[in-house]
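One structure is given here, and the rest of the page talks about it.
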Amino acid sequence: MAQEDVFKKIVAHCKEYGFVFPSSDIYDGLAAVYDYGQNGVELKNNIKQYWWQSMVLLHDNIVGIDSAIFMHPTIWKASGHVDAFNDPLIDNRDSKKRYRADVLIEDEIAKYDDKIEKEVAKAAKRFKENFDEAKYRATSPKVLELQEKRDALHTRYSAAMNAMDLNELRQIILDEEIVCPISGTRNWTEVRQFNLMFSTEMGSTADGAMKVYLRPETAQGIFVNYLNVQKTGRMKVPFGIAQIGKAFRNEIVARQFIFRMREFEQMEMQFFVRPGTEMEWFSKWKETRMKWHQALGFGADHYRFHDHEKLAHYANAATDVEFLMPFGFKEVEGIHSRTNFDLSQHEKYSGKSIKYFDPETNESYTPYVIETSIGVDRMFLSVMSAAYTEEQLENGETRVVLKLPAALAPVKLAVLPLVKKDGLPEKAREIVNDLKFHFNTIYDEKDSIGKRYRRQDAVGTPYCVTVDHDTLNDNCVTLRNRDTMQQERVAISELNSIIADRVSITSLLKKLQ
Ligand code: GAP
C-alpha cells in the first residue's frame, strides 16, 4: 500500500476510534487545531507520564515545574522571539493562497529526490539481480544530471536561508518556475517575514491594555524560573528543570494532521551545566534520549539523528531525533546546546543577576544549557504510525490492530462476558471492579466475542479476558494476547500479577537503566 494511503488510514482510524478529532468538528473544524478523544487522551497521558517519570523520577538532579502560558512580554523580546521568530511567506495573487517560501523550495528539492529514486527503482526492475545500485547512482547520466540540479538548488537555498535573503528566496521560486498548486500560476508577491507568535491583550483598554503573547515554546518558562528553582531547591549545577505544557504558533502552512499544529504540547527539559562541559552533556543527552525512544520497541531502524548544518545564533550544537513517519523521516525531538544565551539575555533585560556560584571551583558563572525538546503530538503521531497494522489472518479476514507498547495503550484489559446472561455479566463486572484500581480495565458485552476482540485490537488493548460458563465453577478466564491472538486459561486471582507489570510505565522505565 502506498505510504500516502497508510497515512490517510491512520488519520481516519484516529477519528473512528476516538483518538483524535478535528477541533470544532460540528462547525467544520478549525485549521491545524485538534482535540483528543477518549482513547487519545489516555495514550497522550501515558506518553507524558513516560517522559515525565524518565526525567523527574529517574534523575535525582532533575525537577519539574508548571509555568503559566502568559508571561511578561519582555521575555519574548529578550529571547529573540519578537524580532526573529519568523517564517518567510509568499502569496499567490491569483489563488490568494499563502505559502512558506522555504517550504515551496524544499518541496522542489524533494521532487528532485523523488525523480532520482524513481530512476533507480526503474533500473533495479530492469536489471533485476545484476543491479549494482551504487554504481548506477555514480554513473547514470540521467541520475547525475538530476543530482547536480538538486545539489545546486540546495546550495543556493541554504545560502539564501542563512542570510535570510528574501529577494533571493523569491528569485529561486521564479527561476525554478514553481507554480501555485491551486491556481497553477507563477503570479507571486514579494517574500515577507511573518512572526509566528499569537498575541492578545491583557487588562482593560481603559487602564492601558498590555500586549501579551501565547508562548511559542515552554522553555522560556523554565529559564525565567531558573533562579527560583535553583535557590528554593538548593540545586547544584549540573541540574535540570522539566516541564510539559501547551505552546502556540501561528504556522503559515499547517499540514500533515497533528504533525504541525497551531496549538500543541511540548515536553522540554533544560539542563544547566558548567561552561566548557556542554559538549560532553550534549552527547550524553543525545544517547539518553535515543534510548528513551528505542525502549518503545518499534525498532532502531525507525530513528535517526539529523545534525543541524545551520545553527541558531545562540547554539553551538543541535540535532533532531527523526522518526520514520508514513511521509518519511521527520523531526520529533530537538536536542540543542543553547550556550548561556537565554539566561544572559534574561539577566540583561530583567536587570537581575542570574549567576551561579560554583562551590567546587569557587567561580561565578552563567550556566550553559542543553535542551531536550519533544512535541507530545508528534510523539503521539509517531507511536500511532508505528503501531497501526493491517494483518491478513489465516481465515482470509483482515484485522486492524494497533500494536501499541502495552505501557502506552489507552486500555490495558477488556473484560468480556461470553453472553449477556446466566450470571456472566455479574462475574465479569466483579473482575473489572477489582482490577480497575490497578490499571485501566473496561467492561464490554455488546456484539459477538469476535467483534469485541476486533474492537479492542483496533484501540490497541493488549489483553482481553473472556468470562464463560466454566468461570462460574473454576474461577478461571480465557486470557487473549492482542499481538499473538493466543489464548490461555488462567485463574482470576492471577490476572493482576500477570498483567500489571507488563502494562506499567515502570516496565518501560526499567529498560532505561
Ligand atoms: N524550545 C525549543 C523548541 O521549541 P522546536 O524545534 O521549535 O524547539 C521542539 O520545537 C519540538 O516541538 C519539535 O521537535 C516538535 O516535536 C514540536 N513542535 C514544534 N512546532 C510544532 C507544531 N507546530 N506542531 C506540533 N509540534 C511542534
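Start at 1 and go down the list; that is how both ligands and their atoms are numbered.
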Show me which atoms of ligand 1 lie under 4.0 Å from any heavy atom of Glu333.
14 (O)
Could Lys246 and Phe264 be counted as a cation-pi pair, given that NZ or CZ must be under 6.0 Å from the ring centre and within 45° of the axis?
no
Answer yes when Arg249 and Glu263 have at least one side-chain N-carboxylate O distance shorter than 4.0 Å, and no when they do not.
no
At a 4.0 Å threshold, what atoms of ligand 1 neighbour a non-hydrogen atom of Glu371?
1 (N), 2 (C)
Identify, for atom 10 (O) of ligand 1, the protein heavy atom at the shortest distance, and state residue, atom and that distance.
Gln266 NE2, 3.5 Å
Does the cation-pi check pass for Lys44 over Tyr36, that is, NZ or CZ under 6.0 Å from the six-membered ring centre and within 45° of its axis?
yes
Can you list the ligand 1 atoms lying under 4.0 Å from a non-hydrogen atom of Glu217?
1 (N), 2 (C), 3 (C), 4 (O)
For atom 19 (C) of ligand 1, what's the nearest protein heavy-atom neighbour? Residue, atom name and distance, please.
Arg249 NH1, 3.5 Å
Among protein heavy atoms, which sits nearest to atom 17 (C) of ligand 1, and what does the distance come to when rounded to 0.1 Å?
Gly375 CA, 3.7 Å
4.0 Å heavy-atom contact, Gln220 with ligand 1
no
Among all protein heavy atoms, pick the one closest to atom 9 (C) of ligand 1 and tell me residue, atom and distance.
Ser373 OG, 3.0 Å
Checking a contact table here: which protein heavy atom is nearest atom 24 (N) of ligand 1, and how many Å away?
Met261 N, 2.8 Å
Can you tell me the protein heavy atom closest to atom 6 (O) of ligand 1 and the distance?
Glu331 OE2, 3.3 Å
Can you confirm if the aromatic rings of Phe327 and Phe259 lie within a centre distance of less than 6.0 Å?
yes
So which heavy atom in the protein is nearest atom 25 (C) of ligand 1, and how far is it from that ligand atom?
Phe259 O, 3.2 Å
Min heavy-atom dist Val332 to ligand 1 below 4.0 Å
yes
Charged N to carboxylate O under 4.0 angstrom, Lys236 versus Asp358?
no
Is Arg399 salt-bridged to Asp457, going by a charged N under 4.0 Å from an acidic O?
yes
Pairing of Arg150 and Glu117 as salt bridge, 4.0 angstrom limit:
no
For the residue pair Lys284 and Trp281, would you count it as a cation-pi contact if the rule is NZ or CZ under 6.0 angstrom from the ring centre and within 45 degrees of the ring axis?
yes
Does ligand 1 come near enough to Glu268 that some N or O of the ligand is less than 3.5 Å from an N or O of the residue?
yes
Looking at Trp285, is Arg289 sitting on its ring face, NZ or CZ under 6.0 Å from the six-membered ring centre and within 45 degrees of the normal?
no
Relative to the heavy atoms of Arg338, which atoms of ligand 1 are at a distance of less than 4.0 Å?
1 (N), 2 (C)
